[in-house]
Amino acid sequence: MASPDQAALTPQGQAVCDQLHLSNMHPVALANADVTQLKDGGDYAVRIDFDGNAGMAQAVYEFPFPVTAAALSLKYRKTSKSRAYVEFRFEDASHSGDGGIVNVEIGSLKTWLPFLVTGVEEELYIPLYRGSVIPEESLGLVCMRGKPGAMFNPDGNMRLTVLAKDFEGTLSLELGNILLEGISPQEHISKGNFFPFVDKYGQYMHSDWPGKVHSDAQLREDATQDDTYLSSFDNSAESWDQYGGWEGGPQLDATGKFRTVKINGKWWLVDPDGRLFWSHGVAGVQLGSEVTPITDREHYFSELEDTNGAEFLKAGKWIGVPGYYKGYDTYMTYNFNAANLARKYGNAWYNHYIDMQGRRLSAWRLNTLGAFSYTDPFKIPSLSIVSSGKAPRIAGSKGHWRQFPDPYSAGFPEAIRESLNAYKPDAYRIGFFLDNEEHWGGEYELALAALKSPAPQPAKKHVVERLTDKYESIAKLNQAWQSDYSDWNALLGETEVPHFSAQVREDLRQINDDIIHQYFRVFREEIDRAFPGTLMFTARFAGVPHERILRIAAQYCDGFVFNLYVDSLLGLALPEGIDKPVIVGEFHFGALDSGLMHAGLVRTRNQLERAEAYTRFVQSGLNNPYVVGTHWFQYWDEPVAGRPDGENYQIGLVSVADRPYEELVKAVNGVGRRMYTERYGEAREE
């Protein structure tokens with residue numbers, strides 16, 4: 001690493017790790033932001049103060065030389081109390097087309113900073129290349145978020161953009177110097193030599209790594225070694241009861257259901273036998289979602305061996321999938337995971353797979369099946385999703401997966417009931433999540449979406465009814481809103497956004513609250529009717545939503561669920577006056593050293609660092625009084641050629657060939673063996 005007193009702007013050259021000194025660089029663009037050089041900032045070079053009154057703010061740094069590093073990293077910390085959405089983006093500003101999209105997706109880190117404690121350090125790490133080859137020409141790859149080769153032109157105009165939005169007041173971030181790490185591989189490959197690039201086992205063909213499968217015999221040998229492998233885990237440190245609760249801990253009232261309790265200032269779950277329970281879980285313990293599309297991409301694959309007829313090669317469609325296949329009625333898919341299990345175990349492969357899944361989770365000291373998991377075959381506690389997916393949507397709303405459901409429609413409770421009908425009473429059910437990563441927006445976005453919807457929309461009718469109740473006459477509304485509606489029917493039929501005055505925003509805030517109340521109220525009523533006494537957690541929020549949403553949800557739900565792709569939970573806290581338990585519904589860490597082309601939403605350098613990151617993350621949850629569980633996403637790696645939505649992240653506990661990542665699962669086991677004694681300490685029930 002170059003020392004601070006060396007030349008400030010030195011190209012990377014052949015060094016393993018050089019610094020690019022931000023304190024000696026000046027932003028090429030500033031929008032609603034000020035930059036201060038930190039002469040005595042220690043590890044930190046600059047402070048950026050973002051002004052939240054303008055809606056969005058950013059600072060752009062341009063690199064003074066071509067970048068050929070394999071990765072970059074920098075430390076950052078928040079020095080104000082503002083909650084915000086922050087994106088660090090590293091990209092070739094001159095690139096365009098398909099490669100430009102890749103730049104934004106792979107060369108950026110998006111994170112919420114609502115709970116990052118002032119002064120706590122985080123590290124941004126961005127791998128700059130994927131794989132060992134750089135295409136000499138466009139490969140025309142589709143439905144893949146991570147792609148092989150260079151993600152940018154190293155001779156191009158490289159920039160680092162720090163962007164902040166969705167915050168109030170001033171957000172202050174301190175940044176360290178940029179570390180440029182390693183030399184990217186420079187082996188080139190022609191388009192003609194690249195295809196196919198996925199082998200018969202669903203692995204990348206143009207590189208090798210520890211754990212890669214080269215023959216069916218290796219898979220069959222794995223099957224014979226399963227018992228020896230599982231016996232290598234020592235689980236003698238803590239005794240668990242049949243539910244995975246702490247048998248060696250205090251005996252509380254046994255109610256026959258899971259419930260919550262607060263002991264010595266820390267939230268817990270309590271299992272049906274009255275034992276303290278902390279939910280150490282994994283999501284995606286199933287096979288169905290890990291398919292990769294084949295249609296239009298047949299030349300990607302060397303061999304699609306379908307030994308059992310059409311068992312692995314099927315026509316299908318993901319509902320609401322974004323990306324390349326969005327407009328397709330159906331498309332062919334292949335399930336490499338299932339095909340490899342058939343090679344490993346033979347004709348009775350599914351039964352062997354189910355048996356091994358349960359035995360692995362027990363040996364690894366995981367006691368919860370998270371979202372998107374099979375539950376019937378296992379005697380393992382689970383949290384399942386109740387979906388309103390078939391309900392009508394608010395036409396004016398938006399979202400990554402789908403538009404927001406209309407909680408005023410008759411189809412909303414009907415959809416919830418239909419979803420609940422898929423479940424039976426089960427003592428192993430911890431409770432229910434509600435929907436998955438709906439787009440909630442800010443303090444008035446759902447009301448605005450309803451206002452922009454056509455007249456038949458039930459939520460739109462509620463907007464007009466509320467305004468009618470408040471203003472009584474259209475003339476009074478026009479005066480308050482500075483509008484010119486001829487009558488209430490004109491407002492009902494109008495889909496354009498009105499003049500966005502302070503009064504309009506205030507009215508929409510109140511109506512937005514109505515919509516959120518209605519959403520959680522109906523879910524609560526339907527779950528209580530079908531499964532009385534069962535815990536109902538919130539929707540699986542993608543990050544931490546606006547405080548108004550949290551306050552309303554707290555009135556109906558037994559706990560919160562946040563999908564959080566961050567390094568630590570030490571600073572996670574709920575707004576003042578809200579005291580409920582929290583489950584992290586998703587988190588993960590990935591790396592690029594095992595044949596996949598995207599390291600997921602929180603990137604690490606290698607498998608060892610993944611394991612270390614897992615331990616730190618779950619330990620931070622054990623140390624956080626609100627957190628009662630963390631659920632890793634997910635059991636399997638995603639397909640190298642992408643799921644139907646293009647995700648192809650290296651985020652599994654096991655590979656596509658059903659080979660566990662040894663470093664990671666040992667870390668999982670290590671945390672699980674000691675989690676109860678570390679969480680409990682000296683305690684008393686409150």
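Computation of the quantities below employed the complete heavy-atom set of this structure, encompassing side-chain atoms and omitting hydrogens, waters and symmetry-equivalent molecules.
Salt bridge E525/R521: absent, no basic N to carboxylate O contact under 4.0 Å. By the 4.0 Å N-to-carboxylate-O rule, R616 lies too far from D567 to be salt-bridged with it. Ion pairing of K461 with D406 is absent here, as no side-chain N (NZ or NE/NH1/NH2) approaches a carboxylate O to less than 4.0 Å. Ion pair D513/R509 not flagged as a salt bridge, since none of the NZ, NE, NH1 or NH2 atoms sits closer than 4.0 Å to an Asp/Glu carboxylate oxygen.
In this structure, Y243 and D273 have side chains that are in contact, with non-hydrogen atoms separated by less than 4.5 Å. The shortest side-chain heavy-atom distance between D637 and Y661 falls under the 4.5 Å cut-off. D658 places none of its side-chain heavy atoms less than 4.5 Å from the side chain of Y353. By the 4.5 Å heavy-atom criterion applied to side chains, L564 and L572 are counted as neighbours. Residues V291 and F336 form no side-chain contact, since every pair of their non-hydrogen atoms from C-beta on lies 4.5 Å or further apart.
For F537 and F560, the ring centers are positioned 6.0 Å apart or more. Proximity of the aromatic rings of F587 and Y565 is defined here by a centroid distance below 6.0 angstrom, and this criterion is not met. Between F378 and Y374, the ring centre distance reaches or exceeds 6.0 Å. Remark: aromatic rings of W278 and Y676 are distant, center separation not under 6.0 Å. Residues F520 and F523 place their aromatic rings such that the two centres sit no closer than 6.0 Å. Ring pair F432/Y423: centre-to-centre distance below 6.0 Å.
Relative to the ring axis of F589, R610 does not place its NZ or CZ within 45° and under 6.0 Å from the centre. Seen from the ring of Y649, R145 does not count as a face-on cation partner, given the 6.0 Å and 45° thresholds. Judged by the 6.0 Å and 45° rule, R365 forms a cation-pi pair with W240.
With hydrogens and angles left out, the side-chain atoms of S279 and H631 include a donor and acceptor closer than 3.5 Å. Using a 3.5 Å distance cut-off with no hydrogens or angles, the side chains of H588 and Y614 do not pair a donor with an acceptor. Judged purely by distance below 3.5 Å, without hydrogens or angles, the side chains of E437 and N563 pair a donor atom with an acceptor atom. Side-chain contact of R275 with Q251: a donor-acceptor pair under 3.5 Å is present, judged by distance alone. A donor-acceptor pair shorter than 3.5 Å cannot be found between the side chains of N512 and E443.
Each of T260, N624, D579 was evaluated against W267; a single residue qualifies, D579, per the side chain to side chain donor-acceptor pair (under 3.5 Å) test. Here the options are Q403, E445, R402, K398, the test is side chain to side chain donor-acceptor pair (under 3.5 Å), and the partner is H439; only E445 passes.
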